[in-house]
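One structure below.
Order of listing sets the numbers, starting from 1, for every ligand and every atom in it. Predicted model, so just to flag it, every value in this text is computed and none were measured. Atom set for the values below is all heavy atoms of this structure, side chains included, hydrogens, waters and symmetry mates excluded.
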Amino acid sequence: MHDGSPALVESLGVTELANLDVVVVGGGGHVGLPLSLTFAAAGLCVGVYDTNEATLERIGRGEMPFMEAGAEELLKSVLPSGRLELSADAAIVSRAKNVIVVIGTPVDEFLGPSMSVFDRVVDELAPRLAKGALIVLRSTVYPGTTEHVAERLARIAPAIDVAFCPERIAEGHAIEELTTLPQIVGADDDHAAARAEALFGRLGARTLRTSTKEAELAKLFTNTWRYMKFAVANQFFMIAHEAGVNYSNVLRAIREDYPRAADLPSPGFAAGPCLFKDTMQLAAFTSDHFPMGHSAMLVNEGLPAYIVSALERRYGSLRGKRIGLLGMAFKAESDDPRSSLSYKLRKLLSWAGADVRCTDPYVPDSRLVPLDDAIADADIVILGVPHKAYRGLRFPAGRDVVDVWGALGDGIRL
Ligand SMILES: NC(=O)c1ccc[n+]([C@@H]2O[C@H](COP(=O)([O-])OP(=O)(O)OC[C@H]3O[C@@H](n4cnc5c(N)ncnc54)[C@H](O)[C@@H]3O)[C@@H](O)[C@H]2O)c1
């Protein structure tokens, strides 16, 4: 099962069996679990450490706690091999030479990074780390975090190597992308870099070496760039809509057989647990002088209110209007509702007095209703997220259908 001979290691006076190749801290999460499964499928013995015991129980039953293409099959195939060990006890990190940290890194109430997240984890893990362990940060972090963690660790647990290897997968495509996307390896010394390259080399993807801060910025720039592109798309949509033209026609005219504009995305909700908060992490790094990032945030976060205002202009008032809202996940073919702008739209519509019925084929939320109930008797149907299940829908004549995505056909608009 184990591809190297088990080695006895000292963990600050405690002698334990180092029989795990890697422990993933936050290993039950959207990033941590696909990564753990992919390492296990590559032949490594993997410890999944997560504080969420209910999630660990589901994983232990061979059940994925969230949608991720190909992951449940992988989970079912690696569980019987014994190469996946699940634990809610931090002591498991003492049994591995490699520890990867992929806990969530939300922004705080000031839209800045919460540095204490890593301080707490370091304080918890440091006394338990095996001597000479490599610790890899994989969460998306505020620039300078890896250096800060390395300094803090050096005070508590000397001789630990530290690297920053950001996760760059798109949720839902992790299993495929983990072995195909190049892996950025941010390290400030060659020893840590070589170890991190060897670890991620096991996944078969090539590695790209940078310093830790370069890697931290590369990850934040990547997400912010994507967020800005969506903001441009949404701003163009609003300008065209205000001008009274069909934006689908405009977009087709821009993109069709014109390579220089082929990367202009379609408009739609730019939401989820990463793009907004990472753009704000970058803004905090600029002492809050980041006009392009803040503008992108205003445009993307403003789209739900724009839709409500446009409908209010059309109807005078939305009071008592029945509205069916289709799609509550933050993006198509996902069950993840984190920071979904459909929920923001639902709230704004309710404030405007509408009777909103929400539906989604994937999101587990007891407040949601079946698709037919959301559509039945609705005065207005709004496409929140273009799940495939909605693409072929046909609505009775006279039904007002709002589709900023342009996913339901050219004749339907805001
Ligand atoms: N979701 C994505 O598509 C994606 C893509 C790239 C990068 N990222 C980044 O990866 C990081 C994790 O995101 P996520 O979406 O996987 O979050 P998540 O909330 O799905 O997963 C985090 C996991 O960590 C566990 N956890 C929290 N604190 C812990 C602790 N102290 N010890 C052990 N386990 C703990 C939680 O129970 C949870 O299962 C974030 O920094 C995010 O920005 C996410």
Side-chain angles (χ1 to χ4, degrees), residues 23-38 47-60 64-69 71 86-93 96 99-108 113-126 128-129 135-143 145-146 149 164-178 181 183-184 186 215-216 218-227 270-282 329-340:
V23 166
V24 180
V25 178
H30 289 79
V31 165
L33 185 51
L35 180 69
S36 302
L37 296 177
T38 307
V48 171
Y49 166 47
D50 203 291
T51 46
N52 188 332
E53 295 189 33
T55 290
L56 293 180
E57 275 167 29
R58 288 185 69 181
I59 299 168
M64 276 300 287
F66 47 81
M67 282 170 71
E68 184 59 58
L86 311 172
S87 178
D89 183 349
I92 193 173
V93 300
V99 175
I100 301 178
V101 182
V102 278
I103 56 171
T105 46
V107 285
D108 65 13
S114 176
M115 299 305 279
S116 57
V117 166
F118 277 93
D119 288 350
R120 279 200 300 274
V121 166
V122 167
D123 290 349
E124 185 188 40
L125 300 183
R128 296 171 170 90
L129 291 172
I135 185 155
V136 174
L137 302 190
R138 194 163 182 77
S139 308
T140 308
V141 299
Y142 183 77
T145 300
T146 313
V149 165
F164 174 65
C165 301
E167 181 58 82
R168 296 199 295 166
I169 56 96
E171 226 179 91
H173 304 276
I175 302 300
E176 184 202 333
E177 292 189 347
L178 275 165
L181 291 180
Q183 175 61 57
I184 297 173
E216 289 165 341
K219 173 63 196 179
L220 287 181
F221 287 164
T222 304
N223 276 6
T224 301
W225 168 234
R226 197 163 155 73
Y227 193 61
C274 292
L275 300 187
F276 169 92
K277 66 106 175 152
D278 290 340
T279 305
M280 292 304 101
Q281 292 208 79
L282 191 54
F330 84 82
K331 66 174 185 177
E333 305 319 307
S334 166
D335 61 350
D336 190 348
R338 290 180 297 171
S339 303
S340 164

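No N or O atom of Asp278 sits closer than 3.5 Å to an N or O atom of ligand 1. Polar contact with ligand 1: present for Thr105 (N/O pair, distance under 3.5 Å). At under 3.5 Å, not a single nitrogen or oxygen of Glu167, backbone or side chain, sits near a nitrogen or oxygen of ligand 1.
The closest approach between a heavy atom of Thr55 and any atom of ligand 1 is not below 4.0 Å. Distances from ligand 1 to the non-hydrogen atoms of Arg138 include no value under 4.0 Å.
Taking every heavy atom of Val102 and a limit of under 4.0 angstrom, the matching atoms of ligand 1 come to 12 (C), 22 (C).
Contacts of Cys274 with ligand 1, taken as heavy-atom pairs under 4.0 Å, involve the side chain alone. Contact annotation for Arg120 and ligand 1: no heavy atom of the residue comes within less than 4.0 Å of the ligand. Contacts between Arg338 and ligand 1 below 4.0 angstrom, taking non-hydrogen atoms only, involve the side chain exclusively. Of the heavy atoms in Glu177, none comes closer than 4.0 Å to ligand 1.
Looking from atom 37 (O) of ligand 1 to the surrounding protein, the closest heavy atom is Asp50 OD1, 2.6 Å. If you check which protein heavy atom lies closest to atom 8 (N) of ligand 1, you get Val31 CG2, 3.6 Å. Protein heavy atom at the shortest distance from atom 27 (C) of ligand 1 is Ile103 CG2, 3.8 Å. Val121 CG2, 3.8 Å is the protein heavy atom nearest to atom 31 (N) of ligand 1. Closest protein heavy atom to atom 24 (O) of ligand 1: Gly26 CA, 3.3 Å. Nearest to atom 26 (N) of ligand 1 among the protein's heavy atoms is Thr51 OG1, 3.6 Å. Ranking the protein heavy atoms by distance from atom 43 (O) of ligand 1 puts Lys277 NZ, 2.6 Å first. Closest protein heavy atom to atom 2 (C) of ligand 1: Glu171 OE2, 3.5 Å.
With His30 as the partner, the side chain to side chain contact (heavy atoms under 4.5 Å, CB included) test is satisfied by one option alone out of Glu68, Arg338, Met67, Glu167: Arg338. When Asp278, Leu282, Thr279 are each tested for a side chain to side chain contact (heavy atoms under 4.5 Å, CB included) with Asn223, only one passes: Asp278.
With rounding to the nearest 0.5 angstrom, the CG atom of Leu56 is 10.0 Å from the OH atom of Tyr49. Atom NZ in Lys219 sits 4.0 Å away from atom OG1 in Thr140 (nearest 0.5 Å).
Nearest approach of Gly28 to Pro65, heavy atoms of both residues: O-CG, 4.2 Å.
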